[in-house]
Number of protein chains: 2
Amino acid sequence: MASKTDLTAVNTIRALAVDTVGKANSGHPGAPMGMAPVAHILWSRHLNYSSKNSKWFNRDRFVLSNGHACALQYVMLHLAGYKVSMDDLKSFRQVDSITPGHPEVGVTDGIEVTTGPLGQGISNAVGLAIAQAHMGAVFNKEGFPLVTNHTYAFMGDGCLQEGVSGEACSLAGHLKLSNLIAIYDDNKITIDGDTAVSFTENVEQRYKSYGWNVLHVENGDDDFEAIDAAITEAKKNTNGPTMINLKTKIGYGSLKAGSHDVHGAPLKKDDIAQMKTKFGFNPEETFAVPQEVTDLYAKIGDKGAKAEAEWNELFNKYKQEYPKEAAELERRIEGRLPDGWEKALPVYKIDDPAIASRKLSETVITKIVEVLPEVVVGSADLTGSNLTRWKTAEDFQHPSTGLGSYQGRYFRYGVREHAMEAICNGLAAYGGIIPLCSTFLNFVSYAAGAVRLSALSHLRVITVATHDSIGLGEDGPTHQPVETAAWLRALPNLAFWRPADGNETSAAYLTSILSPHTPSVLALSRQNLPQLENSSIEKATKGGYVVHESENADVTLVSTGSEVGLCVEAAQQLKSKGITSRVVSIPSFEVFGAQDRDYKLSVLPSGHPILSVEAYSTFGWGQLSHDHFGLKAWGASGPYAKVYEKYELTPAGIAKRAEKVVAFYKKRGQPLFSPLISALDDISE
Amino acid sequence: MASKTDLTAVNTIRALAVDTVGKANSGHPGAPMGMAPVAHILWSRHLNYSSKNSKWFNRDRFVLSNGHACALQYVMLHLAGYKVSMDDLKSFRQVDSITPGHPEVGVTDGIEVTTGPLGQGISNAVGLAIAQAHMGAVFNKEGFPLVTNHTYAFMGDGCLQEGVSGEACSLAGHLKLSNLIAIYDDNKITIDGDTAVSFTENVEQRYKSYGWNVLHVENGDDDFEAIDAAITEAKKNTNGPTMINLKTKIGYGSLKAGSHDVHGAPLKKDDIAQMKTKFGFNPEETFAVPQEVTDLYAKIGDKGAKAEAEWNELFNKYKQEYPKEAAELERRIEGRLPDGWEKALPVYKIDDPAIASRKLSETVITKIVEVLPEVVVGSADLTGSNLTRWKTAEDFQHPSTGLGSYQGRYFRYGVREHAMEAICNGLAAYGGIIPLCSTFLNFVSYAAGAVRLSALSHLRVITVATHDSIGLGEDGPTHQPVETAAWLRALPNLAFWRPADGNETSAAYLTSILSPHTPSVLALSRQNLPQLENSSIEKATKGGYVVHESENADVTLVSTGSEVGLCVEAAQQLKSKGITSRVVSIPSFEVFGAQDRDYKLSVLPSGHPILSVEAYSTFGWGQLSHDHFGLKAWGASGPYAKVYEKYELTPAGIAKRAEKVVAFYKKRGQPLFSPLISALDDISE
Ligand SMILES: [Ca+2]
Ligand SMILES: [Ca+2]
């Protein structure tokens with residue numbers, strides 16, 4: 001039953017959110033004020049959490065998909081006893097505070113995923129729900145419901161308009177994720193004003209079409225018991241996810257409630273005063289929490305701590321009964337990899353046959369899924385092209401489909417690249433899982449919004465991006481990435497790999513898996529690639545190394561992926577013309593960039609010109625090479641060798657340019673320095 | 001009534017598509033075979049086209065959203081009499097043919113938009129339909145139905161799974177575009193096999209939720225009359241777009257019909273032979289067209305030519321009655337801009353106040369919409385932040401909403417960035433319209449899939465991308481683009497602009513509008529920017545120029561947008577330390593790159609070091625500067641000036657680095673060459 005304390009708590013949340021935004025003089029008060037009731041009912045009656053240990057594994061996951069409403073989330077974390085102090089609320093949106101303008105995982109205690117870019121949070125929530133379903137299916141035993149948590153997401157109109165959420169929610173319905181409860185803040189307002197200007201679809205009908213349960217709360221402002229009842233019912237559903245359509249008034253309590261004026265700007269002083277007065281609070285006071293609210297949330301905190309203690313007890317019993325499974329669950333929760341797993345990675349010698357790197361990747365996947373049960377793999381409907389499925393794989397599917405089970409480790413994402421990456425962010429954020437996903441490199445761009453959040457959120461999501469260049473051939477320029485590598489290389493905290501042979505492919509996987517806080521994209525060829533004379537997993541893990549060394553070289557050819565082999569051939573042609581060349585492979589700019597200066601300069605030394613060769617835009621090579629050979633524009637449709645010929649990306653075409661470069665700098669006649677040497681080397685920017 | 005000729009025609013289409021894919025030994029036969037009936041019925045009975053003039057303005061637009069099925073489209077274009085010969089079909093997927101692996105506008109006569117990346121075509125079709133509705137509303141008069149065409153789109157399961165199509169179709173429903181008819185090839189197969197593995201939503205219900213009319217053809221393989229009836233009914237709808245759910249068998253006629261084996265690989269020889277035999281064709285013959293089919297399509301061609309002639313007659317009468325409107329329509333169809341329109345662009349002097357470039361952009365928009373009626377503008381629910389709406393603007397809305405009309409030139413795209421850009425591709429492809437759209441620069445990434453197609457398709461889509469850096473301040477790193485400029489600069493045939501003041505903003509618009517075959521993205525600041533001492537529209541249209549010149553400079557500071565003003569201040573600080581510096585602004589790398597060599601070298605000359613300054617990843621500056629100052633990682637949430645301070649992106653921080661750079665190269669003591677000078681300058685790659 002809703003009590004006076006509930007109402008006081010809800011109004012406290014509203015006032016705190018308003019004060020938080022007011023103090024910062026920046027932020028979004030409207031949604032926090034409208035969603036205060038559902039936040040309070042959820043956090044005080046349903047959400048299973050232990051605020052003193054925000055990492056408790058079986059906690060319910062809470063996602064604020066409308067991340068701009070984060071004043072609400074910070075207030076809830078504060079009230080619930082997480083490491084978010086009143087001073088933190090007062091530092092909202094200030095540099096180096098733990099309460100940034102949108103929620104960031106790793107910055108604030110209790111934040112599960114980074115949200116704000118609309119549509120991402122709800123899609124992450126689908127990933128979190130899949131993760132629970134999978135971990136539960138793998139580890140739960142009769143009498144040991146160890147992994148049972150729910151995932152709750154709040155979302156606004158913006159989240160629902162974004163395509164990524166449609167993709168993710170369609171898949172969530174297909175997978176019948178009954179552990180997922182999404183609460184839609186149906187306030188009929190977006191930044192442009194009334195949703196009538198652009199968003200008049202029937203959202204409930206759409207979610208029904210996805211196979212979701214749809215519930216409805218007509219008065220989300222005052223009818224606390226209806227909110228409670230809807231959440232209670234949602235938790236009982238076993239046939240799919242639930243969406244609760246919650247009608248609220250944006251900026252409830254403000255004089256401008258119900259208008260977009262309260263969406264993204266602090267309330268005026270007199271408006272705040274009248275609101276507090278109306279709520280029975282002291283209009284002069286800010287950041288006030290009535291004792292009864294403090295007491296209520298202290299009690300809830302105790303309940304959470306008790307729930308965690310009970311879970312620990314259950315887990316101890318599980319340890320007795322299922323010692324192997326318990327050890328494995330602990331290992332996965334802690335993120336420790338099994339000893340010696342990396343021995344599974346294949347090693348190649350120079351006389352091994354030429355193999356496409358997507359095929360090399362298939363071999364790696366087939367090996368590592370045996371030793372790393374935390375690895376789950378999937379494709380955006382390109383399984384047969386990405387070569388990501390191993391022979392014994394079981395699909396992750398609801399058992400009722402007869403197509404797999406929740407224990408399955410192979411994911412059929414459908415043609416939904418953006419949702420796939422956002423779901424993988426959720427899988428990685430949950431813990432105990434290392435997600436690999438795949439599509440063509442060109443279509444990783446469809447998922448740009450989620451990929452940048454993998455990087456910003458420090459999540460180990462590994463993207464297998466095959467058909468990585470004009471080498472895909474006949475599909476043509478609509479499918480040939482030219483600009484994609486530049487984008488991914490410019491993205492902070494993401495390792496873009498373009499392996500040139502078998503050992504480099506193994507190294508790409510090794511480094512990606514050994515980087516728990518960095519996503520990786522592995523660009524892989526459709527066409528066969530020869531094994532390189534000097535490659536090894538160890539060398540390739542440095543991100544760059546010398547494939548072919550020469551004393552007193554006239555030129556270094558530096559390249560990546562499928563063009564390295566062409567450079568090796570070009571070097572032979574150059575030799576016959578009396579030009580001595582070195583060949584360097586840089587499978588990953590980012591990983592190479594992190595090596596020590598001496599090593600890097602040994603790979604790309606001063607003294608002679610460096611020519612880059614890559615079947616992409618040359619944009620960005622200026623930091624590694626003096627001259628750059630690549631694509632000036634788009635690729636073309638045709639058999640791949642013909643396409644390479646069209647652009648002279650052949651041994652002869654490379655040799656021709658290398659000759660030019662050598663002659664040019666000989667003529668200039670002054671010492672040449674490595675482009676790696678910068679005047680700003682010793683300034684830490 | 002379906003005749004024997006219809007059946008022969010359908011089987012001819014199937015056989016031709018199979019031969020086309022077979023000859024190329026690459027491509028997708030399954031969907032063409034399954035969709036041959038609907039293609040034939042549409043093209044022979046409904047589609048209004050004049051194949052001898054593929055640019056006839058009132059033609060129906062046909063979009064193959066499942067672009068991988070393009071063998072079908074090329075076959076139809078051939079039969080219908082477009083400039084696609086039998087030899088062109090035989091050159092399918094060969095380098096430099098006009099029949100590439102996916103349809104490309106500008107490459108093949110009769111192709112309206114470039115498709116293949118899934119979900120794009122149907123979203124372009126929404127744009128084409130909006131364009132018709134708008135042009136019709138503006139130019140049609142009582143008794144003069146000049147612009148009345150329909151837009152037809154074919155789409156497969158993949159198109160429907162992609163989020164972009166959901167965004168676009170939700171908006172199409174909202175806008176009640178009854179001129180749009182989408183035909184869904186419901187064949188229950190995707191690359192990963194049966195749609196049961198990932199795509200089990202109720203598509204019809206979803207489209208109903210968007211406000212579409214949904215029709216259903218149970219047997220799309222044989223029931224030609226049902227197909228005809230559905231299209232006939234769809235054309236009668238006046239209350240919104242129509243989706244026809246057409247059940248087909250992928251690869252109809254093949255031994256492997258109904259399986260994903262026929263999706264993306266040529267049929268085997270014996271399979272082709274049995275199919276042709278079954279159809280009553282000579283199994284030995286390839287690329288055969290029975291005379292009755294040739295005759296049928298010749299007759300349809302005549303009908304189309306007659307329709308065009310009648311339209312021309314109508315237009316001639318319209319010219320008499322409405323000479324002004326007729327002249328204006330002709331001007332817009334031909335893409336001629338009104339004389340002197342550019343005089344509307346504001347010009348600034350150095351003592352004008354500092355103004356945010358998003359605000360400068362608002363002024364430009366307000367001025368140009370007066371002189372360029374072909375300019376339509378919209379925002380993805382950020383109107384008040386993007387500052388894209390002018391005071392007298394009318395919204396583009398269905399009149400029944402009371403919120404605007406189809407004559408309206410302001411578009412409320414909702415929070416649907418990807419659909420917005422894809423729709424703008426359709427608007428630009430239609431003709432007579434110059435679309436501007438807007439969001440935060442950070443969220444242009446959500447639309448990456450469509451933006452790359454603007455560039456590949458040579459479409460003049462102008463994206464107003466405000467809040468272009470850490471200068472957006474409090475919203476924090478989730479909203480601060482760091483990598484986006486690198487991506488857009490690496491994209492061929494796209495002009496990325498980052499204007500530094502008023503004249504540069506005017507220049508960015510001037511050049512973007514004067515580039516009919518190139519999309520532009522204008523990155524604009526939230527914060528105020530000072531007017532520069534040496535700027536002019538003319539100079540800025542060169543993409544780069546000297547803002548502050550000095551004889552015998554020790555260093556050039558090269559920068560863009562909001563950091564140019566900081567560099568000017570840094571130059572003053574350096575002067576007081578006895579260091580002479582030049583300041584260069586490069587508002588557009590691409591436009592600057594297209595200038596002649598002498599000019600470029602006058603802007604970034606040899607002789608002294610060049611230091612770049614930009615609040616982005618420094619990736620890509622190596623081609624313009626010797627040393628690079630920017631962001632090593634993500635931005636931060638806080639008041640914008642504090643965020644700039646955190647990264648030392650201040651006049652003092654810039655000056656400190658410039659000093660370092662000057663000292664470093666003095667110590668090296670050898671002539672320094674402009675990074676623009678390349679050994680490969682005279683090789684046309
Ligand atoms: Ca809303
Ligand atoms: Ca299909």
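To find a chain, count down the sequence lines: A is the first, B the second, and so on, and within it residues start at 1.
With chain A as partner, the option from B:His479, B:Lys646, B:Glu645, B:Lys208 having the largest number of non-hydrogen pairs under 4.5 angstrom is B:His479. Listed options A:His102, A:Glu167, A:Gln94 were ranked by heavy-atom pairs under 4.5 angstrom with chain B; first place goes to A:His102. Chain B forms more heavy-atom pairs under 4.5 Å with one residue of A:Val164, A:Asn25, A:Leu382 than with any other, namely A:Leu382. The candidate with the highest count of non-hydrogen atom pairs below 4.5 Å against chain B, out of A:Ser617, A:Cys70, A:Gly166, is A:Ser617. Chain A forms more heavy-atom pairs under 4.5 Å with one residue of B:Glu162, B:Arg389, B:Arg206 than with any other, namely B:Glu162. Comparing B:Ala486, B:Ala448, B:Gly449, B:Gly476 by how many heavy-atom pairs each has under 4.5 Å with chain A, the most go to B:Ala486. Most heavy-atom pairs under 4.5 Å with chain B, from the set A:Pro477, A:Gly414, A:Pro100: that is A:Pro477. Contact count against chain A (heavy-atom pairs under 4.5 Å) is highest for B:Asn442 among B:Asn442, B:Leu624, B:Leu488, B:Thr484. Of the listed residues (B:Leu453, B:Asn493, B:Val662, B:Leu403), the one with the most heavy-atom contacts under 4.5 Å to chain A is B:Leu403. Considering only heavy-atom pairs separated by less than 4.5 Å from chain B, the leading option among A:Ala490, A:Gly384, A:Gly638 is A:Ala490. Of the listed residues B:Gly158, B:Gly653, B:Ser385, the one with more heavy-atom pairs under 4.5 angstrom with chain A than any other is B:Gly158. Interface remark: of the candidates A:Pro675, A:Gly622, A:Ala450, A:Gly622 forms the most heavy-atom pairs closer than 4.5 Å to chain B.
Residue contact with chain B, scored on non-hydrogen atoms closer than 4.5 Å, involves the backbone and the side chain of A:Gln623 alike. Using a 4.5 Å cut-off between heavy atoms, A:His626 does not touch chain B at all. With a 4.5 Å cut-off on non-hydrogen atoms, A:Gln480 touches chain B through its backbone but not through its side chain. Looking at A:Thr200, the atoms closer than 4.5 Å to chain B (heavy atoms on both sides) sit in the backbone and in the side chain alike. With a threshold of 4.5 angstrom between heavy atoms, A:Ser457 does not approach chain B through any atom at all. Heavy atoms closer than 4.5 Å to chain B are found in the side chain of A:Leu611, but not in its backbone. Only the side chain of A:Thr114 comes within contact range of chain B, with at least one heavy atom under 4.5 Å from a heavy atom of that chain. Neither the backbone nor the side chain of A:Tyr207 comes within contact range of chain B; no heavy atoms are under 4.5 Å apart. With a 4.5 Å cut-off on non-hydrogen atoms, A:Phe440 does not touch chain B at all. For A:Lys642, the parts sitting under 4.5 Å from any heavy atom of chain B are the backbone and the side chain alike. Heavy-atom distances place no part of A:Ala419 under 4.5 Å from chain B, backbone and side chain included. Only the side chain of B:Ser26 comes within less than 4.5 Å of a heavy atom in chain A; its backbone stays farther off. Proximity to chain A (any heavy atom under 4.5 Å) is restricted, for B:Tyr665, to the side chain, taken from C-beta onward. Heavy-atom distances place both the backbone and the side chain of A:Tyr210 under 4.5 Å from chain B. Heavy atoms closer than 4.5 Å to chain B are found nowhere in A:Lys667, neither backbone nor side chain. Neither the backbone nor the side chain of B:Ala380 comes within less than 4.5 Å of any heavy atom of chain A. For A:His174, the parts sitting under 4.5 Å from any heavy atom of chain B are the backbone and the side chain alike.
Under the 4.5 Å side-chain criterion, counting only non-hydrogen atoms from C-beta, A:Tyr413 is not in contact with B:Ser198. The shortest distance between side-chain heavy atoms of B:Trp487 and B:Val444 falls below 4.5 Å. Between A:Asp192 and A:His260 the shortest side-chain heavy-atom distance does not fall below 4.5 Å.
We find that B:Arg93 and A:Asp475 are joined by a salt bridge, their nearest charged nitrogen and carboxylate oxygen being less than 4.0 Å apart. For the pair A:Arg657 and A:Glu648, the salt-bridge criterion is met [side-chain N within less than 4.0 Å of a carboxylate O]. The pair B:Asp381-B:Arg416 does not count as a salt bridge, with every side-chain nitrogen at least 4.0 angstrom from each carboxylate oxygen.
A cation-pi arrangement is present between A:Arg668 and B:Phe673, with the terminal nitrogen or guanidinium carbon under 6.0 Å from the aromatic centre and inside a 45° cone about the axis.
Between B:His28 and B:His263, the two ring planes are perpendicular [angle over 60°; tilted spans 30° to 60°].
Of the N and O atoms on the side chains of B:Asp627 and A:Ser678, at least one donor lies less than 3.5 Å from an acceptor on the other residue. Side-chain contact check for A:Glu201 and B:Ser170: at least one donor-acceptor pair (N or O, by modelled atom type) lies under 3.5 Å. Side-chain polar atoms of B:Ser379 and B:Asn386 form a donor-acceptor pair below 3.5 angstrom.
Ring pair A:His628/A:Phe619: centre-to-centre distance not below 6.0 Å. When ring centroids are compared, A:His418 and B:His418 stay outside the 6.0 Å threshold. Under the 6.0 Å cut-off for aromatic ring centres, B:Trp621 and B:Tyr616 do not qualify, their centroids lying 6.0 Å or more apart.
In this structure B:Asn202 satisfies the side-chain contact (heavy atoms from CB on, under 4.5 Å) test together with A:Ser209, B:Glu204, B:Gln205, sequence neighbours excluded.
Smallest separation of non-hydrogen atoms from B:Pro103 and B:Gly67: CD-O, 3.3 Å.
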